[in-house]
There are 2 protein chains.
Amino acid sequence: MKPSMVTIEPYGHFCSDCAVREFAVCSSLDPSELRQFEHLGRRVHFDGGKTVFSEEDITTSFYNLLKGVMRLYKLLPDGRRQIVGLALPGDFLGMNISGRHNFSADAIGGVTVCQFAKAPFGRFIEDRPHLLRRINELAIRELSQARDHMVLLGRRSADEKVAAFLLGWRERLVSLKEPSDRVPLPMSRRDIADYLGLTIETVSRTFTKLERHGAIEIIHGGISLLDPARVEALAAA
Amino acid sequence: MKPSMVTIEPYGHFCSDCAVREFAVCSSLDPSELRQFEHLGRRVHFDGGKTVFSEEDITTSFYNLLKGVMRLYKLLPDGRRQIVGLALPGDFLGMNISGRHNFSADAIGGVTVCQFAKAPFGRFIEDRPHLLRRINELAIRELSQARDHMVLLGRRSADEKVAAFLLGWRERLVSLKEPSDRVPLPMSRRDIADYLGLTIETVSRTFTKLERHGAIEIIHGGISLLDPARVEALAAA
DNA sequence: CGCCAAAATTGATCTGGGTCAATCGGCTCT
DNA sequence: AGAGCCGATTGACCCAGATCAATTTTGGCG
């Protein structure tokens, strides 16, 4: 198979054995609803680097991330980029009020999503307030994360930003299962920089500094947290 | 009457003649629901500088801002402050999933809110999905604003931040009715700085610079937008 | 009106992180 | 195995905005 493709998995899939079942939006559905629900979505795979949807695109679908990591970002006219979120399995994307996405979303590494056409999904929600409540819950959780991130962007030093990022990222991975002091970082330095409001050089230097101080070890595709307490102190939570 | 007080308006009030009726969460209610709804909330007044609720407080109430301006902010342990939002009439405050507020909220100048005890409000929503949908809509709108603000905090220069702030603030006031090139700024320079991730000195200098260039005029309690086009160019929207 | 305190402005200086510029290292493709 | 590329690292230097330090302005109050 050639690189850089988008494939729709040809066989049907079943919500009942979906990996994100308990985290995702669908956790609010009972077994019989789930059976109807699985006809609404289809699994789609995106290779790394592919754009799933772009800012200003008319919203035609919602997405439930099943596997992989996505970067959610906005661009300024001159090309400056701010990553406004990193999506992990269970995250629900595409809600908006303007009818247009207000950020872009790329796959970082291969990604599998459960895609729902907007109209049928909207109809399905209509008379299922528990699903609506679940969506609301996810939106409020994201809002809270967004506010935390504003504090990081507006008021933290480069060292604090990087330390807080490593801890926060690890925390999110742990809550998905991966229990470890090995923290995989599938995204590039540029992604990290654009997430933290820094430059790649500063991110790289800060990593090196943390390593020199024995707080972390930079390993292939991630870092190893050698001294979590020290990193926490730096993050000035 | 002494300064710095919190008063509950002694007379009942009627949703039907509420100023924010059409903007707020209650816009989703029909006349008969509205009559029930007005028994749930009570109008409360806070003088300028008063804290309405604090980060980490257990959530006992939700608030519908009727009049005035509030600053929503988070503090770091060492006192650094990031204002994560400025609330205007019609904004709905207090939703969260942890059971605790995740930011603090102060009145800037006098403020009137419609306060709802959490439990009865929750019960009222229960079987009114259209109200839930309205709340969700407001949450999603805020999320979109939060993302825009992340771009500002992480990727814009001081000049761009200030210019974007003036335009955005004017925009919000206009949508509430005040149509004008006179932009009232009821908040202090410190508030503006903490909203934009800058210092008071930089905000002050940037205002002065804009004035020297003839883009704005600094007037008592606000600014006058002399050359909106120039400010828009600076904001690099 | 005059006094005091707090907010805002302005100036002088400093510095964290950006910019510019080499390397370095790992991966893919012959 | 070697060439070429792209991402990451490292170093040298610079500058936007922070910090430190006076004023100046505003507002409240007797």
Side chain of [X]: nearest nucleotide among [options]?
{"X": "Ser157(B)", "options": "dG18(C), dT9(C), dG17(D)", "value": "dG17(D)"}
{"X": "His220(A)", "options": "dA18(D), dT10(C), dC27(C)", "value": "dC27(C)"}
{"X": "Thr199(A)", "options": "dG17(D), dT9(C), dG18(C)", "value": "dG18(C)"}
{"X": "Thr202(A)", "options": "dG17(D), dT9(C), dG18(C)", "value": "dG18(C)"}

Rounded distance (Å) that lies between atom [atom2] of [N] and atom [atom1] of [X]:
{"X": "Arg190(A)", "N": "dC6(D)", "atom1": "CZ", "atom2": "C1'", "answer": "12 Å"}
{"X": "Glu201(B)", "N": "dA7(C)", "atom1": "CD", "atom2": "P", "answer": "14 Å"}
{"X": "Arg156(B)", "N": "dG18(C)", "atom1": "CZ", "atom2": "P", "answer": "17 Å"}
{"X": "Leu234(A)", "N": "dG16(C)", "atom1": "CG", "atom2": "C1'", "answer": "15 Å"}
{"X": "Lys161(B)", "N": "dA16(D)", "atom1": "NZ", "atom2": "C1'", "answer": "11 Å"}
{"X": "Leu152(B)", "N": "dG17(D)", "atom1": "CG", "atom2": "P", "answer": "12 Å"}
{"X": "Arg80(A)", "N": "dT19(C)", "atom1": "CZ", "atom2": "C1'", "answer": "15 Å"}
{"X": "Leu198(A)", "N": "dT9(D)", "atom1": "CG", "atom2": "C1'", "answer": "16 Å"}

> Counting only N and O atoms by type, is there a donor-acceptor contact under 3.5 Å from the side chain of Arg155(A) to the main-chain atoms of Leu75(B)?
Replying inline: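 Checked: no pair found.
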
> Is a donor-acceptor pair below 3.5 Å formed from side chain Arg212(A) to base dT9(D), judging by atom type as modelled?
Replying inline: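 Not at all, since no donor on one side and acceptor on the other fall under 3.5 Å apart.
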
>> Tell me if the side-chain of Arg205(A) makes a donor-acceptor pair with the base of dG16(C), cut-off 3.5 Å, by modelled atom types.
In response: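 Answer is no: no donor-acceptor pair is held.
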
At under 4.0 Å between heavy atoms, what does [X] touch on the DNA or RNA strands: base, sugar-phosphate, or nothing?
{"X": "Gly221(A)", "value": "nothing"}
{"X": "Ile200(B)", "value": "nothing"}
{"X": "Ser188(A)", "value": "sugar-phosphate"}

>> One thing to verify: whether Arg71(B) and Asp194(B) come together as a salt bridge, which I'm taking to mean a side-chain N less than 4.0 angstrom from a carboxylate O.
In response: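 The answer is no: the pair does not qualify as a salt bridge.
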
> When you check the gap from the basic side-chain N to the acidic O, do Arg80(B) and Glu160(A) get nearer than 4.0 Å?
Replying inline: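 Salt bridge flag = yes for Glu160(A) with Arg80(B).
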
>> If you assign Ala158(A) and Ile218(B) each to the DNA chain C nucleotide with the nearest heavy atom, which residue ends up on the more 5' nucleotide?
In response: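 Here Ile218(B) is the residue nearer the 5' end.
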
>> When you measure from the side-chain N and O atoms of Ser204(B) to the phosphate of dT10(C), is any distance below 4.0 Å, counting only OP1 and OP2?
In response: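 Ser204(B) to dT10(C) OP1/OP2: no side-chain N or O under 4.0 Å.
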
> Is the count of non-hydrogen atoms from other residues, nucleotides or ligands lying under 6.0 Å from Arg190(B) atom CZ greater than 12?
Replying inline: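 Atom CZ in Arg190(B) is not packed in, count stays at 12 or less.
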
>> Both Arg155(A) and Val203(A) contact DNA chain D. Taking the nearest nucleotide for each, which residue is further toward the 5' end?
In response: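 Nearer the 5' end of the strand: Val203(A).
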
> How about Tyr73(A) and Asp191(A): does a side-chain donor come under 3.5 Å of a side-chain acceptor?
Replying inline: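 No, no side-chain donor-acceptor contact under 3.5 Å.
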
